[in-house]
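All remarks here apply to the structure that follows.
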Amino acid sequence: VQLQASGGGLVQAGGSLRLSCAASGRTFSNYALGWFRQAPGKEREFVAAISWGAGITYYADSVKGRFTISRDTAKNTVYLQMSSLKPEDTAVYYCARRVRVGNKEESYDYWGQGTLVTVSS
């Protein structure tokens with residue numbers, strides 16, 4: 001299994017950015033894919049997840065209403081549309097495959113390499 005995250009960059013506060021996570025290696029029909037982020041000096045935290053088959057979504061409270069996770073099963077890609085970005089959204093964003101219930105790190109096994117999002121004030 002390989003996960004390739006992309007789409008990070010520098011954006012002003014209030015702006016938008018879309019991250020992509022291209023998945024390869026095996027079918028994901030029985031899994032979910034999620035996004036985590038790690039800000040400088042902080043622990044990695046859950047952002048959002050989506051079940052591959054039914055498309056059920058989960059969000060951290062801090063991003064609800066601003067971020068939208070989606071997937072394109074034909075392209076084996078998960079997206080994170082981020083809007084109304086704030087400086088506190090600055091972090092390295094990682095995509096990962098969820099293999100058990102729950103949205104803590106231990107529920108995820110394969111991780112992408114991360115993409116940096118910087119939100120300027």
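For the single chain, residues carry numbers from 1 onward in sequence order.
Checked by atom type and distance alone, the side chain of Arg98 never pairs as donor or acceptor with a backbone atom of Lys104 at under 3.5 Å. In this structure a side-chain-to-backbone donor-acceptor pair under 3.5 Å is present from Ser51 to Ile56. With hydrogens and angles disregarded, a donor-acceptor distance shorter than 3.5 Å links the side chain of Tyr59 to the backbone of Ile69.
Closest approach of Ala48 and Leu80 over heavy atoms only: CB-CD1, 4.1 Å. Heavy-atom minimum distance, Trp52 versus Asn76: CZ2-OD1, 3.5 Å. Taking each heavy atom of Thr77 and Ser20 in turn, the nearest pair found is CG2-CB, 4.2 Å. Minimum heavy-atom separation, Leu17 to Gly7: CG-O, 3.6 Å. Scanning all heavy atoms of the two residues, the minimum distance from Trp111 to Tyr94 falls at CE3-CB, 4.0 Å. Residues Cys95 and Ala5 approach most closely at SG-CB, 4.0 Å, considering heavy atoms.
Rounding to the nearest 0.5 angstrom, the gap separating the OG1 atom in Thr115 from the CD atom in Gln4 is 9.0 Å. With rounding to the nearest 0.5 angstrom, the CD atom of Gln12 is 5.0 Å from the OG atom of Ser120. Going from atom OH of Tyr58 over to atom NZ of Lys64 covers 12.0 Å, rounded to the nearest 0.5 Å. Distance OG/Ser121 to CD/Glu88: 10.0 Å, rounded to 0.5 Å. Atom CZ of Phe67 is separated from atom CG of Leu19 by 8.0 Å, given to the nearest 0.5 angstrom. Taken from CZ in Phe46 to CH2 in Trp35, the straight-line distance is 12.5 Å, to the nearest 0.5 Å.
Annotation for Glu106: atom CD counts as buried by contact number, over 12 foreign heavy atoms lying within 6.0 Å. The environment of CD in Gln113 is crowded: more than 12 heavy-atom neighbours from other residues, nucleotides or ligands sit within 6.0 Å.
There is no path of hydrophobic side-chain contacts, each under 4.5 Å, that joins Leu116 to Tyr79.
Remark: of the listed residues Asp72, Val78, Thr73, Asp72 is the sole one forming a side chain to side chain contact (heavy atoms under 4.5 Å, CB included) with Lys75.
Residues Tyr93 and Arg37 have side chains that bring a donor and an acceptor to within less than 3.5 angstrom of each other.
A salt bridge is absent between Asp89 and Lys86: the closest approach of a Lys/Arg side-chain nitrogen to an acidic carboxylate oxygen does not fall below 4.0 angstrom.
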What's the verdict on side-chain contact (heavy atoms from CB on, under 4.5 Å) for Val117 and Met82, showing C-alpha distance, side-chain angles and the deciding distance?
CA-CA 10 Å; Val117 173; Met82 306 184 294; 3.8 Å; yes
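Less than 6.0 angstrom separates the ring centroid of Tyr108 from the ring centroid of Phe36.
Under the 6.0 Å distance and 45° angle rule, Arg97 does not count as a cation-pi partner of Tyr110.
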